[in-house]
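This report concerns only the one structure given below.
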Amino acid sequence: MTMAPGRSLAAAAPAGKAKLTHPGKAILAGGLAGGIEICITFPTEYVKTQLQLDEKANPPRYRGIGDCVKQTVRSHGVLGLYRGLSSLLYGSIPKAAVRFGMFEFLSNHMRDAQGRLDSTRGLLCGLGAGVAEAVVVVCPMETIKVKFIHDQCSANPRYRGFFHGVREIVREQGLKGTYQGLTATVLKQGSNQAIRFFVMTSLRNWYRGKDPDLAPSWRPVPLLGSPGASCPPQGTTPNKPMNPVVTGVFGAIAGAASVFGNTPLDVIKTRMQGLEAHKYKSTLDCGYQIMKHEGLKAFYKGTVPRLGRVCLDVAIVFIIYDEVVKLLNKVWKTD
């Protein structure tokens, strides 16, 4: 099996065809995918955040997902479901760019002599990518988003818009005010990407009939005659195309796995970033207070709307990412 010269294949995402290693492509494609995705799925994020902020300690404002949507549309119209979009949109583009770029960087340093990345190392690369996006982008973005949504639902909203809200938060609380819930955010994003990359690797290996201990999703295929090059095992197709439908289905499954795996961390993170965050001494204390006053069930508030959003999120991002990279490969030649 041969490949055209100059095509060193190593993807920054766990779904889709093998991709060029140039970090610029990963950053650009990831940023575009992240921006488009959030515009499509934001209403589910809005509802999820509202339900998580609707504490049981107080009289519940919403009876469920449908009631939350109904009340929001009745009070603010359909566009009310997009309140806070700007804060998330401004962060979604750099978040996806940092995620894919960091995964690319880490995976390129963790391959074996044959250029392969096994499942364990793929999981670790996903963990590293999640931690990086949490610290650089997600924590300040999510803090501002939650405060903005929470404020807009109060009787007398203080923030007139995204930039006014950021200015007021920084003026009153300093930059520290945009980093509330950092520990919970790092745990959430790190586990998110670790789970997703691991699940996508397993599914893609299964689809290709490969050894599940290898991660061909991110493995370059050496040129025949080059060091470490070898013919593929009988019955395998190292570069079997992943069409958008398969990529989307696998992405949705990976997204669902991450939701069930870390929704409790997402609830704690949301509480730590809300306007009532001063009630909690730390991330651990927040978890303790939720358990004490609201019970175990509270840790899964907003699971259904989050499930819908995340499944769409992961599926859409991977599909768009793959298509953008294929386009970039045609117009941007790299070694």
Side-chain angles (χ1 to χ4, degrees), residues 34 37-58 60-73 75-92 95 134 137-155 157-159 161-162 165-166 169 177-182 184-185 187-189 192 255 258-259 262-280 283 286-287 290 294 297-313:
E37 173 276 323
I38 200 60
C39 289
I40 296 173
T41 64
F42 184 78
T44 58
E45 172 68 14
Y46 176 86
V47 173
K48 180 217 70 172
T49 301
Q50 288 287 68
L51 292 177
Q52 290 180 345
L53 291 172
D54 190 26
E55 298 186 36
K56 190 175 180 179
N58 300 318
R61 180 179 180 183
Y62 305 115
R63 295 190 297 273
I65 299 171
D67 185 55
C68 179
V69 173
K70 181 179 179 181
Q71 287 194 43
T72 300
V73 173
S75 301
H76 305 282
V78 174
L79 292 180
L81 294 172
Y82 284 88
R83 288 183 298 169
L85 170 63
S86 59
S87 62
L88 206 58
L89 181 61
Y90 296 148
S92 291
K95 176 179 73 171
V137 181
V138 179
C139 189
M141 175 192 74
E142 287 283 299
T143 300
I144 293 170
K145 180 209 71 175
V146 172
K147 287 180 182 293
F148 190 81
I149 291 178
H150 209 169
D151 174 74
Q152 293 301 300
C153 294
S154 61
R158 298 176 52 213
Y159 307 143
F162 174 76
V166 173
I169 292 171
T178 65
Y179 270 89
Q180 292 178 329
L182 177 60
T185 303
L187 290 173
K188 177 207 167 186
Q189 294 304 122
N192 254 345
S258 68
V259 168
N262 71 3
T263 287
L265 290 173
D266 189 49
V267 172
I268 293 174
K269 175 193 69 65
T270 300
R271 295 289 181 86
M272 289 293 293
Q273 293 171 333
L275 297 179
E276 302 296 320
H278 63 274
K279 299 193 305 184
Y280 310 115
T283 298
C286 180
I290 293 174
E294 303 175 55
K297 188 176 180 180
F299 285 109
Y300 283 89
K301 274 190 172 184
T303 297
V304 175
R306 185 184 178 220
L307 185 64
R309 184 191 71 80
V310 171
C311 287
L312 281 174
D313 174 346

**OP:** Indicate the atoms forming the closest heavy-atom contact of C286 with Y280, along with that distance.
**Re:** CA-CD2, 3.6 Å

**OP:** For R271 and I268, indicate whether the former's side chain and the latter's backbone hold a donor-acceptor pair under 3.5 Å.
**Re:** no

**OP:** Just jot down the side-chain contact (heavy atoms from CB on, under 4.5 Å) partners of V259, sequence neighbours excluded, or say none.
**Re:** T263, T303, R306, L307, V310

Original post:
Hey, are the side chains of L312 and T44 touching, using non-hydrogen atoms and a 4.5 Å cut-off?
Top reply: no

**OP:** Applying side-chain contact (heavy atoms from CB on, under 4.5 Å), name anything that partners Y62, two or more places apart in sequence or on another chain.
**Re:** Q50, L51, D54, D67, C68, Q71

Original post:
What heavy-atom pair brings D266 and K188 nearest, and what distance separates the two atoms?
Top reply: OD1-NZ, 3.0 Å

Original post:
Between F42 and L85, what is the shortest heavy-atom contact and its length?
Top reply: CZ-N, 3.4 Å

Subject >> Rounded distance [0.5 Å steps], CG in L187 versus NZ in K269 >> reply: 12.0 Å

Subject >> Pair E37-T41, side-chain hydrogen bond (donor to acceptor under 3.5 Å, both in side chains): steps then yes or no >> reply: CA-CA 6 Å; E37 173 276 323; T41 64; 2.6 Å; yes

Original post:
What is the minimum heavy-atom distance between T143 and C139, and which atoms define it?
Top reply: OG1-O, 2.8 Å

Subject >> From CD1 (I38) to CG (D313), nearest 0.5 Å >> reply: 6.5 Å

Subject >> Those residues that, when tested against V73, pass side-chain contact (heavy atoms from CB on, under 4.5 Å) (two or more places apart) >> reply: V69, V78, L81

Original post:
Taking atom CZ of R83 and atom OH of Y46, what is their separation to the nearest 0.5 Å?
Top reply: 3.0 Å

Subject >> Minimum heavy-atom distance G34-S92, with the two atoms named >> reply: O-CB, 3.7 Å

Original post:
Which value, rounded to the nearest 0.5 Å, describes the distance between F148 atom CZ and T49 atom OG1?
Top reply: 13.0 Å

**OP:** Would you give the length of the straight line joining atom CG of N262 to atom CG of N192, rounded to the nearest 0.5 angstrom?
**Re:** 4.0 Å

Subject >> Over all atoms of both residues, closest heavy-atom pair of C39 and L89 >> reply: SG-CD1, 3.9 Å

